[in-house]
Amino acid sequence: MDKKNLARIRNIGFIAHIDAGKTTVTERVLFYAGKTYKMGEVHEGTAVTDWMSQEKERGITITSAATSCSWANHQINIIDTPGHIDFTVEVERSLKVLDGAVVIFCAVSGVEPQSETVWRQAEKYHVPRICFVNKMDREGADFFAVIEEMKEKFQMPIAALQVPIYQDDQFVGVVDLIEEKAFYCQGELGEKVVAGEIPENLKQVCLQKKELLIEKIAELDDSTMSKVIEGQEIQKDQLRALVRGKAISNEFVPVFCGSALKKKAVQQLLDAVCGYLPSPLEVKPVSGLISGQEEKLVSADLEAPFCALCFKISVDPFVGKLFYTRIYSGSISHSSDIYNSTQRSKEKITKIIKMHANKQEIVNFAGAGDIVCLAGLKNTQTGDTLTIKSNPVIIEKIKFPEPVVSLAIEPKTKADQERLFEALGKLASEDPSFRVAYNRETGQNVISGMGQLHLAIMADRLLREFKVQAKVGKPQVAYRETITKKVQATGKFIQQRGGQGQYGHVEFVMSPAGEASGVVFESKIKSGAIPKEYISSVREGVMEAAESGILGGYQVVDIKVVLIDGSYHDVDSSELSFKIAGELAFKEGLRKASSTLLEPVMDLEITAPVDYFSQVVGDLNSRRAKINSVKERKNLRLMSVDIPLSESFDYADSLRNLTQGRASYTIEPSYYQRVPEELLVKILGI
């Protein structure tokens with residue numbers, strides 16, 4: 001592969017709201033490019049890139065699928081991403097390594113919630129975009145209304161490069177505004193593209209839309225503006241080059257239209273991918289660090305040292321782990337020794353695989369601009385940089401969103417216990433937004449993810465792929481216990497059963513301590529009331545007793561224990577007797593000091609459109625939440641909120657329903673506060 005060939009590579013992703021038609025577009029692209037001999041259908045469960053059983057059954061994309069095809073002497077590497085918000089991590093890691101994106105919209109529904117999310121993700125990674133308004137055959141389709149909505153929502157220069165053609169209310173083709181020609185897809189499978197003159201009834205509309213396109217470009221380019229002012233004509237090749245340049249620099253987004261289901265105008269979309277999205281040579285070099293300090297730019301160059309990023313891991317039942325990798329520079333062969341500069345470990349490649357969804361093609365070579373799977377790596381994790389030891393550059397890791405929903409999970413039988421943890425470990429290695437943890441305080445295994453559907457899919461995969469049966473349920477809240485007043489408590493442990501007995505006697509003063517202070521133990525023993533060697537045993541008894549309080553067995557915190565007095569026996573006293581005496585005194589103090597429970601409070605940051613602000617606030621009030629601040633940003637509201645953990649378990653789905661998926665949030669532990677009296681009765685069942 002040389003520089004000329006690199007210029008003909010396109011690494012693109014299809015991104016959109018759920019059910020906008022990404023997978024159907026992918027199916028048509030693969031068919032027209034000659035990659036497949038038959039078009040698969042999502043509703044029939046025959047789509048190439050929706051290969052998981054869960055995807056076929058639900059008719060949605062769950063995991064991003066990589067494939068490739070050739071069109072007009074270009075190699076197009078494609079990643080078909082999910083549209084459901086629960087699987088947004090797949091979009092996140094795909095956009096990190098892609099050079100361009102096709103954002104697909106429904107011609108009827110317009111800019112839907114997840115459309116906004118994926119657009120923001122593409123902006124985050126500075127990914128050039130073109131738009132494809134799909135489903136132009138549907139009743140109520142309005143191409144130009146969708147474009148106006150895009151302008152309003154995305155606040156950037158956007159314009160149509162096509163005008164749809166209808167005959168007898170049927171969508172039949174498109175007019176290319178730059179070429180000034182009409183294109184019709186004919187034949188049973190829409191495989192025959194026929195060019196013709198612009199229909200008479202559309203000539204005026206096309207003239208207006210082309211003028212609008214030139215006007216948008218002129219606003220971004222001074223020389224073009226000068227020509228427009230002087231009345232000079234902008235030639236086709238000039239206009240095409242200007243559109244391409246502004247699209248690649250992320251200053252302008254061209255919009256196309258068609259109907260993937262009805263097999264119309266998909267070939268023109270392929271032309272647009274080749275014509276208006278960048279090659280690896282045209283995107284900005286990737287920035288990395290050497291030794292954590294020196295910045296190094298990595299450009300698409302086959303002669304440069306090898307440098308790549310592992311952006312996804314998949315577990316194949318036959319091959320083992322497959323490491324999806326974007327190569328930025330240099331090249332590798334199937335037996336290359338490489339270096340993981342993130343983990344600082346040597347790795348050896350045993351296979352290089354080109355993926356076609358779940359089908360594999362083994363190749364001997366891969367170079368800059370390629371997206372391939374590597375097999376044989378031992379220590380590599382998602383987000384690691386792969387290079388050579390003499391060039392230990394580290395590319396910035398992918399930042400994955402934190403999980404927002406947690407569920408308790410337990411094996412149904414003892415036989416499933418070991419297999420459950422092994423299976424969960426494999427799923428967690430595949431999906432960085434899926435977390436597995438053991439909560440020592442509640443004794444529960446907890447899985448966390450991006451939503452209830454996300455976790456439901458994981459539970460289903462446990463059963464189907466790993467043959468592990470598990471029960472899932474709502475996780476318990478790790479409450480804390482503390483005291484509300486200062487008291488004095490006594491602990492005596494005296495036993496006499498013939499021979500040496502047990503004797504321990506302590507006196508405590510127990511009082512509330514500062515927030516997050518845990519249990520503070522202090523000794524003020526004087527005049528040898530208790531020998532020094534037993535003081536540590538008293539402290540040990542206090543700390544063990546604090547692990548399980550008298551209200552529901554929760555950990556005791558924010559309390560100060562002062563040992564002020566006691567007594568001992570020359571023969572019967574021992575470390576054990578004073579340890580037990582310390583436990584008894586501590587428990588008595590809890591009872592006398594009116595113990596109560598503390599609940600964990602989370603720091604919740606919400607970003608919601610202004611249209612849904614009142615609904616979000618109303619819901620927060622019903623959850624005992626405290627709104628600390630509200631900031632404005634364009635048409636958004638940014639809220640800082642304190643919310644009890646017990647009120648936040650289903651918040652992801654609730655917020656999604658309230659705002660039609662347009663809001664987002666982050667949540668993390670903040671502090672503990674006293675449980676209200678009415679809730680305390682409910683928790684303890686008293």
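This structure is a prediction, so every number in the text was calculated from the model and none was measured.
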Within a strict 4.5 Å, meaning less than it, do heavy atoms of the Ile76 and Val273 side chains meet? yes
Distance-only, no hydrogens or angles: does the Gln360 side chain make a donor-acceptor pair with backbone N or O of Met355 under 3.5 Å? no
Would you check if Lys209 and Val205 make a side-chain contact, meaning some heavy-atom pair closer than 4.5 Å? yes
Between Val243 and Tyr276, is any pair of side-chain heavy atoms under 4.5 Å apart? yes
Kindly write out the residues that satisfy side-chain hydrogen bond (donor to acceptor under 3.5 Å, both in side chains) with Lys153, not counting sequence neighbours, or none if the list is empty. Glu149
So ring pair (Phe, Tyr, Trp, His ring centres under 6.0 Å) across residues 186-216, not counting sequence neighbours, yields none
Would you mind listing every salt bridge (Lys or Arg N to Asp or Glu O under 4.0 Å) that reaches into residues 156-171, with sequence neighbours excluded? none
Indicate the atoms forming the closest heavy-atom contact of Trp71 with Tyr32, along with that distance. CZ3-O, 3.4 Å
Residues in salt bridge (Lys or Arg N to Asp or Glu O under 4.0 Å) contact with Lys210, at least two apart in sequence or another chain: Glu180
Within a radius of less than 6.0 Å around CG of Asp222, do more than 12 heavy atoms belonging to other residues, nucleotides or ligands occur? no
Donor-acceptor pair, side chain of Thr81 and main chain of Phe14, under 3.5 angstrom: yes
Taking C-beta and beyond as the side chain, do Lys312 and Val97 meet within less than 4.5 Å on heavy atoms? no
What pairs meet the salt bridge (Lys or Arg N to Asp or Glu O under 4.0 Å) rule with one or both residues in residues 237-255, with sequence neighbours excluded? Glu179-Arg240, Asp237-Arg240, Arg244-Glu282, Lys246-Glu251
With sequence neighbours excluded, tell me which residues meet side-chain hydrogen bond (donor to acceptor under 3.5 Å, both in side chains) with Arg120. none
Taking ring-ring contact (aromatic ring centres under 6.0 Å, His included) as the test, write out the residues that go with Trp119, two or more places apart. Phe154
Would you check if there is a donor-acceptor pair between the side chains of His17 and Ser115 at a distance under 3.5 Å? no
Sequence neighbours left out, what passes side chain to side chain contact (heavy atoms under 4.5 Å, CB included) with Phe31? Give chain and number order. Thr36, Met39, Leu189
Please list, chain by chain and in numerical order, all residues satisfying salt bridge (Lys or Arg N to Asp or Glu O under 4.0 Å) with Lys284, sequence neighbours excluded. none
Close side-chain approach of Phe434 and His454, heavy atoms under 4.5 Å: yes
Give a yes or no answer on whether the side chain of Arg637 reaches the backbone of Val610 with a donor-acceptor pair at less than 3.5 Å. no
Would you mind checking if Lys22 and Glu27 are paired as a salt bridge, meaning a charged N to carboxylate O distance below 4.0 Å? no
Can you name the residues that form a ring-ring contact (aromatic ring centres under 6.0 Å, His included) with Tyr166, not counting sequence neighbours? Phe171
Got Asp99 and Val127 here, is their nearest side-chain heavy-atom distance under 4.5 Å? no
Salt bridge present between Arg326 and Asp370 (N-O < 4.0 angstrom): no
Would the number of heavy atoms belonging to other residues, nucleotides or ligands and lying under 6.0 Å from NZ of Lys399 be above 12? no
Do Ile158 and Cys131 come close enough that some side-chain heavy atom pair is under 4.5 Å? no
Is a side-chain N or O of Gln204 found less than 3.5 angstrom from the main chain of Asn201, in a donor-acceptor match? no
Taking C-beta and beyond as the side chain, do Leu242 and Asp221 meet within less than 4.5 Å on heavy atoms? yes
With rounding to the nearest 0.5 angstrom, report the CD1 to CZ distance, Ile313 to Phe323. 5.0 Å
For Asn11 and Gly369, indicate whether the former's side chain and the latter's backbone hold a donor-acceptor pair under 3.5 Å. yes
In terms of side-chain geometry, is the basic nitrogen of Asp431 or Arg93 positioned less than 4.0 Å from the acidic oxygen of its partner? no
Minimum heavy-atom separation for Leu281 and Ala7, please, with both atom names. CD1-N, 3.8 Å
Name all pairs fulfilling the salt bridge (Lys or Arg N to Asp or Glu O under 4.0 Å) condition that reach into residues 184-204, sequence neighbours left out, sorted by first residue then second. Glu200-Lys203
Between the main-chain N or O of Cys185 and the side-chain N or O of Lys264, is there a donor-acceptor pair closer than 3.5 Å? yes
Between Ala122 and Leu95, what is the shortest heavy-atom contact and its length? N-CD1, 3.6 Å
Name all residues meeting the salt bridge (Lys or Arg N to Asp or Glu O under 4.0 Å) criterion together with Lys262; count only those two or more places apart in sequence or in a different chain, and write none if there are none. none
